[in-house]
Amino acid sequence: MWDRPTLLNWIANLLFSLAVVMLLYAMLFVVLHLPIFPVKQVQVEGNLDHVNHEQIQLIVSKYLKGNFYTLDLQRTRAAFEKLPWARKVSVRRQWPDTIVVQIEEHQALGRWGGVALVNRHGELFQAASDEQLPTFYGPGDAIKEVAQGYASFAQMLVDTPLQIQQLSLSSRRAWEIKTVDGRQMMLGREAAKQRLQQFVSAYRQQASIAESDWRYADLRYPNGFALRMPRSGA
């Protein structure tokens, strides 16, 4: 090999090029880690009703380590995602010294029993809330189904005094509504939305229904419904 000058020159040039690349990388690494590119501002965006300034400051002081270039964006995003009301978080750099954090909060729709809150996407999340919310019950795989059912039923009842306090879906997929004023409506399994819509139409059109003190409505009949009144003297 030593008598082949062309090969030796090629190897020498290769080693020199590698040395230059390594030197440039080392210089770039050192420059980027110098304290001359500090993060001067963390800009938090989003319609925030529950994430507060103190929570943001705690995360900034505890998790935002490094300068503008070396800050770990994934680690920063994961830190903000730990906030109870944070549903989605995105983090990006904004030249020359700002980190922009976009937070989408959960919007509470109801309570899943006494376990957790349910958002408008039919997702469970753990957070504290003193808001008056309806309570949902159902199989563990039906959270989204119950949330969607509530949205539909509540819209049908919006112009009536029949506001939902509790919505239940049985393991057989039968719906039951309990209202704020203590009434109960059995919707059954099939065509629950149509049954409720028919009942609401009758409720609005017939004063005898709206003005009566019925306690229980069975909507599972193919051509109507049955009302149960309180016992005499109750």
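If you're wondering where the values come from, they're calculated on a predicted model, not measured in any experiment.
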Practice problem: Start with the C-alpha gap between Glu145 and Arg173, add the side-chain angles, then the distance that decides, and say whether salt bridge (Lys or Arg N to Asp or Glu O under 4.0 Å) holds. | Solution: CA-CA 10 Å; Glu145 183 179 356; Arg173 282 345 195 232; 3.2 Å; yes
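- Atoms CD and CH2, from Glu123 and Trp112 in turn, are 13.5 Å apart once rounded to the nearest 0.5 Å.
- Under the 4.5 Å side-chain criterion, counting only non-hydrogen atoms from C-beta, Leu196 is in contact with Leu157.
- Between Trp85 and His50, the two ring planes are parallel [angle under 30°; tilted spans 30° to 60°].
- Between Asp213 and Arg228 there is no salt bridge, since no side-chain N of the basic residue sits under 4.0 Å from a carboxylate O of the acidic one.
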Exercise. Report the C-alpha separation of Gln43 and Glu45 in whole Å, then their side-chain angles, then the decisive distance to 0.1 Å, and conclude whether the side-chain hydrogen bond (donor to acceptor under 3.5 Å, both in side chains) test is met.
Key: CA-CA 6 Å; Gln43 181 176 315; Glu45 300 177 345; 2.6 Å; yes
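- More than 12 heavy atoms of other residues, nucleotides or ligands lie within 6.0 Å of OH in Tyr216, so this atom counts as buried by the packing criterion.
- In this structure the side chain of Asn67 never reaches within 4.5 angstrom of the side chain of Leu71, judged on heavy atoms.
- The two residues Thr179 and Met185 have their closest heavy-atom pair at CG2-CE, 3.9 Å.
- Taken together through direct or relayed side-chain contacts under 4.5 Å among Ile, Leu, Val, Met, Phe, Trp and Tyr, Val146 and Tyr137 form parts of separate hydrophobic clusters.
- Here NZ of Lys178 is found 9.0 Å from CE of Met186. Values are rounded to the nearest 0.5 Å.
- Here the rule is ring pair (Phe, Tyr, Trp, His ring centres under 6.0 Å) with Phe225, and of Phe199, Tyr203, Trp214 only Phe199 fits it.
- Taken from CD in Gln94 to CZ in Phe68, the straight-line distance is 8.0 Å, to the nearest 0.5 Å.
- Residues Tyr63 and Thr76 are not in side-chain contact: their nearest non-hydrogen atoms beyond the backbone lie 4.5 Å or more apart.
- Ring centers of Trp175 and Phe136: at least 6.0 Å apart, outside the cut-off.
- Residue Arg111 comes nearest to Leu117 through the heavy atom pair NH1-CD2, 3.5 Å, listed as atom of the first residue, atom of the second, then distance.
- Residues Ile177 and Gln184 fail the side-chain proximity criterion, which asks for heavy atoms closer than 4.5 Å.
- Remark: Gln74 CD is loosely packed, at most 12 non-hydrogen atoms of other residues, nucleotides or ligands lying under 6.0 Å away.
- Taken from OG in Ser90 to CD in Glu104, the straight-line distance is 10.0 Å, to the nearest 0.5 Å.
- Side-chain contact check for Arg215 versus Met229: every heavy-atom pair is 4.5 Å or farther apart.
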Identify every side-chain donor-acceptor pair in residues 124-133 under 3.5 Å, counting partners at least two apart or on other chains, and give the distances.
residue, atom, partner, partner atom, Å
Ser129, OG, Glu131, N, 3.2

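- To the nearest 0.5 Å, the span separating CZ on Arg195 from CG on Asp218 amounts to 8.5 Å.
- Residues Val118 and Ile143 form a side-chain contact, since some pair of their non-hydrogen atoms from C-beta on lies under 4.5 Å apart.
- Taking CD of Gln148 as the start and NZ of Lys193 as the end, the distance is 7.5 Å to the nearest 0.5 Å.
- In this structure, Arg93 and Leu73 have side chains that are in contact, with non-hydrogen atoms separated by less than 4.5 Å.
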Exercise. Show your reasoning for whether side chain to side chain contact (heavy atoms under 4.5 Å, CB included) applies to Val39 and Thr98.
Key: CA-CA 6 Å; Val39 175; Thr98 301; over 6 Å; no
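- Considering only heavy atoms from C-beta on, Asn47 stays 4.5 Å or farther from Glu105 through its side chain.
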